[in-house]
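One structure is given below, encoded as C-alpha cells.
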Amino acid sequence: MAKTTPTLIAILLFSLLILGKSHTFSRNLSQKELKREKLTHLHFYFHDILSSNHPTAVQVIKAASTTYSTSPIGFGSVVVMDDPLTLGPEPNSKEVGRAQGIYTAAQRIVPGLLMVLNFAFTEGKYNGSSLSVLGRNTVLSAVREMPVIGGSGIFRFSRGYALARTYWSNVTTGNAVVEYNVYVFHY
Ligand SMILES: *[C@@H]1O[C@H](CO)[C@@H](O)[C@H](O)[C@H]1NC(C)=O
Ligand SMILES: *[C@@H]1O[C@H](CO)[C@@H](O)[C@H](O)[C@H]1NC(C)=O
Ligand SMILES: *[C@@H]1O[C@H](CO)[C@@H](O)[C@H](O)[C@H]1NC(C)=O
C-alpha cells in the first residue's frame with residue numbers, strides 16, 4: 001500500500017494535467033455567478049495644465065493651418081494628457097486618480113473637443129480600476145455630457161455618463177480645472 005499510493009497520486013496528477021488541456025471556447029455562466037448591478041456616483045476635479053514647467057497635457061500634433069491667435073488649441077490639434085483628478089478643486093487637493101488619453105479639437109468654428117480617455121483611479125477600493133470615456137466636449141457650454149463606454153476592475157461591464165462643468169479656466173494658457181460628476185452602472 002505504501003508503495004502504490006505515490007503511484008496513484010502520480011496517475012491522478014497526470015490525468016488532471018490531461019483534463020486541464022481540454023480546451024473549451026465558450027461556456028454559459030449560471031445565474032448564481034451573476035452579481036447584482038450597482039449605480040455609483042463619482043465626484044472629482046480634473047486639472048488640465050498646458051503651461052508650466054511640468055505640463056500635465058502636451059500638444060503632439062497640429063495642422064499647418066492651425067493658428068494660435070484666437071486659441072492655444074486650434075482646430076486640428078491633438079493633445080495628450082495625464083491629468084490629476086482630485087477630491088477638491090485646489091491643485092494640492094488629494095489625488096484620487098488620473099485622466100489619461102487624448103483630446104482633439106474636432107469642431108472648426110467654436111471649441112469642441114473629441115475626448116478619448118481613461119479615468120485611472122488610485123483611491124481606496126477603486127485603486128487599479130478604470131473607466132473609459134469617449135465623447136464630445138464643447139468646452140464653452142456650462143455642462144458637457146460624455147458617455148462612459150466601459151471600465152476595468154470594479155468597473156467591469158460599466159456604462160454611464162460623465163457631466164463636466166468648468167470650475168476655472170484661463171483662455172490665454174488653456175489651463176483649466178473641471179468638475180466631474182460621473183454616474184456608472186457596474187457589478
Ligand atoms: C448556452 O445557452 C444556450 C441558450 O440556452 C444554449 O443553446 C447553448 O447550448 C448553451 N451552451 C452551452 C455551452 O451550454
Ligand atoms: C494602488 O495600488 C498600487 C499597486 O497595488 C500601490 O502600489 C499603490 O500604493 C496604491 N495606491 C494607493 C493610493 O493606495
Ligand atoms: C492667464 O494666464 C496668463 C499667462 O500666465 C496671465 O498673464 C493671466 O493673468 C491669466 N489670467 C487669469 C484670468 O488668470
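Since we're looking at a predicted model, the values are computed, not measured. Both counts, for ligands and for their atoms, begin at 1 and track the order of listing.
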Quiz item: Is a salt bridge present between Arg136 and Glu145, judged by a nitrogen-to-oxygen distance below 4.0 Å?
Solution: no
Among all protein non-hydrogen atoms, which one is nearest to [atom], and what is the separation to 0.1 Å?
atom	result
atom 4 (C) of ligand 2	Asn127 ND2, 4.7 Å
atom 13 (C) of ligand 2	Thr122 O, 3.1 Å
atom 3 (C) of ligand 3	Asn170 ND2, 3.6 Å
atom 1 (C) of ligand 1	Asn28 ND2, 1.4 Å

Practice problem: For the pair Arg144 (side chain) and Ser141 (backbone), establish whether a donor and an acceptor sit closer than 3.5 Å, ignoring hydrogens and angles. | Solution: yes
Quiz item: Between Asn118 and Ser130, do the side chains contain an N or O donor and an N or O acceptor separated by less than 3.5 Å?
Solution: no
Practice problem: Give the numbers and elements of all ligand 3 atoms closer than 4.0 Å to a heavy atom of Thr173. | Solution: 2 (O), 4 (C), 5 (O)
Quiz item: Aromatic rings Tyr45 and His43: how do their planes relate, parallel, tilted or perpendicular, breaks at 30° and 60°?
Solution: perpendicular
Quiz item: Between Phe44 and Phe119, does the ring centre distance come in under 6.0 Å?
Solution: yes
Quiz item: Is any heavy atom of the protein nearer than 4.0 Å to atom 11 (N) of ligand 2?
Solution: yes
Quiz item: Within a distance of under 4.0 Å, is there any protein heavy atom near atom 7 (O) of ligand 1?
Solution: no
Self-check item: Any side-chain heavy-atom pair of Tyr103 and Val78 under 4.5 Å
Solution: no
Self-check item: N or O contact, Ser26 vs ligand 1, cut-off under 3.5 Å
Solution: no
